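These values consider heavy atoms only, across backbone and side chains, with no hydrogens, waters or symmetry-generated copies. We count ligands from 1, going down the list as the structure has it; atoms in each ligand are counted the same way. Since the model is a prediction, treat every value here as computed from it, not as a measurement.
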Amino acid sequence: MPALHQAGDHLTAPTSKDADLRDHTGVRNAIRESRPDWVILSAAYTDVDGCESHRELAFAVNFQGAINVTEAARDAGARLLFVSTDYVFDGNKRLPYETGDLRNPTGVYGETKARAEEKLLEILPEVCIARTSWLFGHGGKCFPATILKLASTRPGLSVVNDQRGSPTFTRDLASAIVQLCHASARGIVHVTNSGDCTWYDFATEIVRESGLATTVKPVTTAEFPRPAKRPAYSVLSAESLHAYDIRMPAWQDALRRYLQSPPVAQP
Ligand SMILES: NC(=O)c1ccc[n+]([C@@H]2O[C@H](COP(=O)([O-])OP(=O)(O)OC[C@H]3O[C@@H](n4cnc5c(N)ncnc54)[C@H](OP(=O)(O)O)[C@@H]3O)[C@@H](O)[C@H]2O)c1
């Protein structure tokens with residue numbers, strides 16, 4: 001997380017091999033050994049469709065795993081920031097979701113995160129829950145990378161135009177997380193790039209910014225059924241973030257920076 005180093009903080013980033021979230025003792029040892037001021041729990045089982053067919057694994061990692069980390073952080077006297085998701089909402093609203101809106105996930109992945117949020121607030125009331133959405137960035141699979149790959153081999157792409165959310169650059173999320181830790185934030189905070197769009201709008205902007213000739217065709221979710229139901233609308237209100245005086249750049253600006261920037265080497 002380069003944002004942390006810029007702020008002069010020291011980061012220890014255990015991988016799943018160092019500490020599997022499901023391994024209560026391993027997690028406890030990893031946290032105790034690094035004696036952190038803050039634990040940032042971003043690891044999760046994030047395969048939204050996979051969660052539908054692997055419900056037990058999804059709960060073991062995203063719910064019980066999060067509990068393991070929270071109890072270990074509490075016992076080590078550390079603060080905890082838990083990265084959560086817009087998928088805790090059902091998507092029936094047409095105005096940005098506020099932090100206090102009812103959780104009503106439409107799939108198993110969202111359910112694991114929603115139940116974890118509730119439990120973490122019980123175990124560690126000072127936890128900070130940073131809900132984000134539609135992440136893209138270097139070092140892994142993401143929507144812009146997929147679109148660019150497909151666009152290089154196909155003359156046209158079909159992309160769903162009836163799911164609306166806020167694409168968020170992982171670097172901007174990291175920067176906001178660092179600021180939240182420095183502000184000693186607690187409770188639920190919504191952290192996304194500003195503005196919103198559909199996946200079709202997002203794909204169109206990726207193709208346009210990259211100067212590609214590929215055509216992008218809008219289609220409906222019904223035309224591309226997936227195992228997990230996604231919220232049709234999951235825009236998150238920035239009011240909770242503004243309360244900490246943190247402003248996020250527009251998603252179009254974030255996309256431009258992603259397309260122009262080389263990946264940063266992992267520490
Ligand atoms: N992607 C999105 O659009 C999005 C939207 C909203 C919220 N979020 C949240 O943001 C966070 C990051 O998401 P992402 O999409 O960037 O994740 P990702 O690329 O799928 O990476 C997940 C990470 O979690 C680790 N992990 C998985 N199972 C683990 C286990 N049992 N023990 C320890 N580590 C484990 C993985 O390690 P290995 O690779 O070694 O397995 C990987 O490093 C997650 O909490 C997710 O719920 C994501």
Discussion item. Could you walk me through whether Asp90 and Tyr97 satisfy the side-chain hydrogen bond (donor to acceptor under 3.5 Å, both in side chains) test, starting with their C-alpha distance in whole Å, then the side-chain angles of each, then the deciding distance to 0.1 Å, before giving a yes or no?
Written reply: CA-CA 10 Å; Asp90 60 19; Tyr97 279 94; 3.2 Å; yes
Item to complete: State if Arg131 counts as touching ligand 1 under the rule of any non-hydrogen atom under 4.0 Å.
Response: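 Per 4.0 Å heavy-atom rule, Arg131 does not contact ligand 1.
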Compare [options] and give the one whose heavy atom is closest to [atom].
atom: atom 22 (C) of ligand 1; options: Ala44, Gly165, Gly139, Ala130; result: Ala44
atom: atom 38 (P) of ligand 1; options: Ser16, Ser133, Gly110; result: Ser16
atom: atom 7 (C) of ligand 1; options: Gly65, Ser42, Ser84, Ala19; result: Ser84

Worksheet entry | Chi angles and distances behind the side-chain contact (heavy atoms from CB on, under 4.5 Å) call for Phe143, Phe136 | CA-CA 6 Å; Phe143 185 77; Phe136 65 93; 5.6 Å; no
Item to complete: On the 0 to 90° scale, with breaks at 30° and 60°, tag the Tyr258-His138 ring pair as parallel, tilted or perpendicular.
Response: parallel
Worksheet item: Which of parallel (below 30°), tilted (30 to 60°) and perpendicular (above 60°) describes Phe202 and Trp251?
Response: perpendicular
May I ask you to check whether [X] has an N/O atom sitting below 3.5 Å from an N/O atom of ligand 1?
X: Lys113; result: yes
X: Tyr45; result: no
X: Asp20; result: yes

Quiz question for you: does at least one protein heavy atom lie closer than 4.0 Å to [atom]?
atom: atom 19 (O) of ligand 1; answer: no
atom: atom 10 (O) of ligand 1; answer: yes
atom: atom 42 (C) of ligand 1; answer: no
atom: atom 45 (O) of ligand 1; answer: yes

Response to the item:
To the nearest 0.5 Å, atom CG of Leu148 lies from atom SG of Cys142 at 8.5 Å
Ligand 1 versus [X], non-hydrogen atoms closer than 4.0 Å: side chain, backbone, both, neither?
X: Val83; value: both
X: Trp134; value: backbone
X: Val61; value: side chain

[atom] - nearest protein heavy atom and its distance:
atom: atom 25 (C) of ligand 1; result: Ala43 CB, 3.7 Å
atom: atom 17 (O) of ligand 1; result: Thr46 CG2, 3.5 Å
atom: atom 6 (C) of ligand 1; result: Thr132 O, 3.2 Å
atom: atom 32 (N) of ligand 1; result: Leu21 N, 2.8 Å
atom: atom 47 (O) of ligand 1; result: Tyr109 OH, 2.6 Å
atom: atom 1 (N) of ligand 1; result: Leu135 CB, 3.7 Å

Item to complete: Would you mind checking if Glu52 and Arg226 are paired as a salt bridge, meaning a charged N to carboxylate O distance below 4.0 Å?
Response: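 No.
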Worksheet item: Would you call Asp201-Arg208 a salt bridge at under 4.0 Å N-O?
Response: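 No, Asp201 and Arg208 are not salt-bridged.
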Worksheet item: Going by the order shown, which atoms of ligand 1 are within less than 4.0 Å of some heavy atom of Arg22?
Response: 31 (N)
Worksheet item: Looking at Thr198, Thr220, Thr221, which hits side chain to side chain donor-acceptor pair (under 3.5 Å) with Asn161?
Response: Thr198
Item to complete: From the options Trp134, Trp199, Tyr200, select the one residue that forms a side chain to side chain donor-acceptor pair (under 3.5 Å) with Gln163.
Response: Trp199
Item to complete: Identify the heavy atoms of Ala250 and Ser194 that sit nearest to each other, and give their distance.
Response: CA-OG, 3.2 Å
Worksheet item: Looking only at heavy atoms, what is the nearest atom pair of Asn193 and Pro249, with distance?
Response: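 Smallest heavy-atom distance, with atoms named: ND2-O, 2.9 Å.
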Discussion item. When you group the ILVMFWY residues by side-chain heavy-atom contacts below 4.5 Å and let the links chain together, are Val48 and Val235 in the same group?
Written reply: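 In one cluster with Val235: Val48, no.
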Discussion item. So Arg28 and Glu71, do their side chains get closer than 4.5 Å, heavy atoms only?
Written reply: yes
